[in-house]
Novice: 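Okay, here's the structure, questions in a sec.
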Amino acid sequence: SAIPVYEIDCKGVETSAVSVHLSGDYLQVCEVEVFADDAASSCLVKVETNVASATSSGWGGVASRAVDGNTNPVYRGRSCYHSATNGDNTLTVELKGSIPVSSVKVYNRADTCCDQRIDGATVWAGDHKCGTIVFDSAIPVYEIDCKGVETSAVSVHLSGDYLQVCEVEVFADDAASSCLVKVETAGASATSSGWGGLAGRAVDGNTNRFTEDGLATTLPPMETTP
């Protein structure tokens, strides 16, 4: 009795209609509102990182440069990590606790001598492979979807070339705010209606659950249900 509105998670299923079904009693709904993710904005927040480590580092490109907040893509700017070898290399970023990681941004080195080296690097959330970077000279930052996998560390791995990363940023959904927007409805229909309770009332924008005097128990005669 303390819950006036029930919010049901539909898990992003794509459809052109939603419905409410009930058997064994009268179905009474004062309003139905439908929400979808707002693709025009982002609810992701950058996760605070702890430290970074790497299997190797060279040419002054220490691992900590990947989480120093400096996204300068030019190596002379002293902002990029650089592995010591072109063998099997992993850059690992520790998070401050276990977090459901939505995405990881990897800032590539922009110097044209070496920017293509990032091709084939894989991004991981713990033991989960989020995706593989496919080099494109027009893309300075690669955002890889990690699908909310919970982990305390993310990593970038590359075999066969030098690993160079200028910054790693980790993002998670912001539970404190909502990115959902109300979807415009086209109309409503029902298998039956009675006592003046037309289906259109469920999408008329009026969420009032009571009569004009504010009391649910004093309905007009035509509105009274058995």
Side-chain angles (χ1 to χ4, degrees), residues 1-49 95-106 123 125-126 128-131 139 141-152 154 169-226:
S1 61
I3 303 177
V5 181
Y6 295 86
E7 185 169 359
I8 309 299
D9 185 0
C10 291
K11 302 185 185 303
V13 171
E14 188 165 337
T15 184
S16 59
V18 300
S19 58
V20 183
H21 175 79
L22 180 65
S23 294
D25 209 336
Y26 293 98
L27 177 59
Q28 304 163 109
V29 175
C30 295
E31 192 73 13
V32 173
E33 295 178 336
V34 182
F35 294 84
D37 286 325
D38 184 5
S41 63
S42 174
C43 290
L44 300 181
V45 292
K46 190 162 72 171
V47 174
E48 188 175 358
T49 54
L95 309 179
K96 293 189 174 181
S98 186
I99 294 169
V101 175
S102 294
S103 63
V104 176
K105 283 186 178 180
V106 178
V123 178
H128 171 76
K129 182 180 177 180
C130 301
I139 302 176
V141 183
Y142 296 88
E143 185 167 5
I144 309 299
D145 185 1
C146 289
K147 302 186 185 303
V149 171
E150 188 159 337
T151 183
S152 59
V154 301
E169 294 178 337
V170 182
F171 294 84
D173 284 326
D174 183 6
S177 63
S178 174
C179 292
L180 300 180
V181 292
K182 191 163 72 169
V183 175
E184 187 176 356
T185 53
S189 60
T191 50
S192 71
S193 64
W195 294 273
L198 302 175
R201 289 187 175 182
V203 292
D204 64 358
N206 185 354
T207 60
N208 183 11
R209 298 176 294 124
F210 304 102
T211 56
E212 292 183 1
D213 62 4
L215 298 175
T217 54
T218 57
L219 301 173
M222 67 172 296
E223 299 274 331
T224 305
T225 58

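No hydrogens, no waters, no symmetry mates; every other heavy atom, side chains included, goes into these values. Because the structure is a prediction, the values reported are computed rather than measured.
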Novice: Please identify each residue that fulfils side-chain hydrogen bond (donor to acceptor under 3.5 Å, both in side chains) with Ser98, with sequence neighbours left out.
Specialist: Glu150
Novice: Got a second to check how far Cys130's SG is from Glu143's CD, nearest 0.5 Å?
Specialist: 11.5 Å
Novice: For Glu33, enumerate each residue passing the salt bridge (Lys or Arg N to Asp or Glu O under 4.0 Å) test, keeping only those at least two apart in sequence or located in another chain.
Specialist: Lys182
Novice: State, yes or no, whether a side-chain contact exists between Leu95 and Thr49 at a heavy-atom distance under 4.5 Å.
Specialist: yes
Novice: Could you work out, with salt bridge (Lys or Arg N to Asp or Glu O under 4.0 Å) as the rule, every residue matching Asp204, not counting sequence neighbours?
Specialist: none
Novice: Taking all atoms of both residues into account, what is the closest heavy-atom pair of Pro100 and Ala172, and its distance?
Specialist: O-CB, 3.4 Å
Novice: Can you list the residues that meet the side-chain hydrogen bond (donor to acceptor under 3.5 Å, both in side chains) rule with Ser19, with sequence neighbours excluded?
Specialist: none
Novice: Over all heavy atoms of both residues, which pair between Ile144 and Gly131 is shortest? Give the atoms and the distance, please.
Specialist: CG2-N, 3.7 Å
Novice: Give me the one residue out of Val154, Val149, Val47 that meets side chain to side chain contact (heavy atoms under 4.5 Å, CB included) with Val101.
Specialist: Val154
Novice: Sequence neighbours excluded, which residues qualify as salt bridge (Lys or Arg N to Asp or Glu O under 4.0 Å) partners of Glu31?
Specialist: none
Novice: To the closest 0.5 Å, what do you measure between NZ (Lys147) and OG (Ser102)?
Specialist: 10.5 Å
Novice: Mind checking salt bridge (Lys or Arg N to Asp or Glu O under 4.0 Å) for Lys129 and listing every partner two or more places apart, or none if nothing turns up?
Specialist: none
